[in-house]
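In what follows, a single structure is set out as structure tokens and then discussed.
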Amino acid sequence: MDRPDLHGCHDTPAFGISSWIDWKSSNGSDLLTDSRNNEGSATLILIVGIIALLCIPVFAVLMHWKLSIELYPDGVRRPFNFPFITGGDLFVPWDDIESLAVGVFRANAQSSPNPAIDIHLKTPRPPARKIFDTPDRATLPVYAVAAENNTVLAVMRILLSDPRSRQLLARPDAPEWFTAPPLSEQYELSTSAAQLGGSS
């Protein structure tokens, strides 16, 4: 997934703070337009600059936080990649999975439900992340991955029921099976489908 360009975020705090300093030091700023060259506008642009400066670390953290699901011949992994927080990775061997079911994940009582896959465990274990798991259930947040939710569940059910098929995950091209095509290709496919549907 492409990461957002934060160059504009770096410019806003510098402009806001330097405009205010320039205005305060000379009772007028060369950085502000004539219509905005007053104390109220200088203070406002300082506040905007400080808010933008505080947002940079938040964006940096969010850019590095990702949820994913990884399927291996020997089990399912849910890495927890969140800056400054260690632990929370989950690995469940196929042999320890009792069943797979459609689930729902809510970050809190007020949040909207998000699709998830519930892994019911044969052997209870301490939850890797209490926000996702209980001792007898692990939750995979399929809403956060690029692959289509029902496809992920169907593939996992096949892999659970047929141990021989799990060896296909060891193939070098296996990750490509679950990688969504680029947006330009998705658009091309959808427009081609629409044109074919319209011409019949």
Side-chain angles (χ1 to χ4, degrees), residues 1-4 55 57-190 193:
M1 185 172 90
D2 293 335
R3 291 182 175 170
C55 288
V58 173
F59 286 131
V61 167
L62 291 176
M63 279 174 34
H64 288 87
W65 180 37
K66 64 175 185 175
L67 293 170
S68 60
I69 300 168
E70 299 173 1
L71 304 177
Y72 295 97
D74 54 345
V76 181
R77 180 173 180 253
R78 184 194 66 209
F80 190 78
N81 301 317
F82 196 88
F84 317 116
I85 299 176
T86 58
D89 281 12
L90 170 78
F91 183 81
V92 181
W94 291 109
D95 294 338
D96 196 31
I97 298 176
E98 181 71 39
S99 64
L100 298 165
V102 174
V104 172
F105 170 74
R106 290 177 186 264
N108 56 54
Q110 289 77 33
S111 65
S112 59
N114 293 299
I117 296 174
D118 287 338
I119 299 177
H120 296 280
L121 306 170
K122 291 179 181 177
T123 309
R125 59 169 71 189
R129 280 276 161 217
K130 290 185 179 179
I131 192 169
F132 293 118
D133 310 322
T134 64
D136 60 346
R137 177 189 46 77
T139 298
L140 303 178
V142 289
Y143 67 89
V145 299
E148 201 275 324
N149 304 340
N150 294 310
T151 303
V152 175
L153 179 60
V155 168
M156 288 182 65
R157 283 180 169 159
I158 291 169
L159 295 169
L160 180 62
S161 63
D162 182 13
R164 291 174 303 167
S165 64
R166 299 173 197 162
Q167 297 312 309
L168 293 171
L169 296 172
R171 290 178 44 159
D173 61 340
E176 297 174 17
W177 304 341
F178 302 101
T179 303
L183 288 176
S184 59
E185 192 175 325
Q186 292 179 35
Y187 176 74
E188 185 180 327
L189 288 169
S190 64

Identify all side-chain donor-acceptor contacts of residues 112-120 below 3.5 Å with residues at least two apart in sequence or on another chain.
unit_1 : atom_1 : unit_2 : atom_2 : d
D118   : OD1    : T139   : OG1    : 3.1

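Nearest heavy-atom pair across R166 and L159 is NE-O, 2.6 Å. Across all non-hydrogen atoms, the minimal contact from T134 to P127 is C-CG, 4.0 Å.
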Verify side-chain contact (heavy atoms from CB on, under 4.5 Å) between L90 and R129, making sure each step is shown before the conclusion. CA-CA 8 Å; L90 170 78; R129 280 276 161 217; over 6 Å; no

How far apart are the C-alpha atoms of L140 and V152, what are their side-chain angles, what is the distance that settles it, and do they pass the side-chain contact (heavy atoms from CB on, under 4.5 Å) test? CA-CA 10 Å; L140 303 178; V152 175; over 6 Å; no

Can you check side-chain contact (heavy atoms from CB on, under 4.5 Å) on R157 and L153, steps first, answer last? CA-CA 6 Å; R157 283 180 169 159; L153 179 60; 3.8 Å; yes

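For W94 (side chain) and Y72 (main-chain N/O), a donor-acceptor pair under 3.5 Å exists by modelled atom type. Between the side chain of R137 and the backbone N or O of F132, at least one donor-acceptor pair lies under 3.5 Å.
The distance from the OG atom of S165 to the CG atom of L160 is 9.5 Å, given to the nearest 0.5 Å.
Side-chain atoms of D74 and P93, non-hydrogen and from C-beta on, never get closer than 4.5 Å to each other. In this structure the side chain of V142 never reaches within 4.5 angstrom of the side chain of F105, judged on heavy atoms. E98 places none of its side-chain heavy atoms less than 4.5 Å from the side chain of D136. P135 is not listed as a side-chain neighbour of P126, based on a closest heavy-atom distance of 4.5 Å or more.
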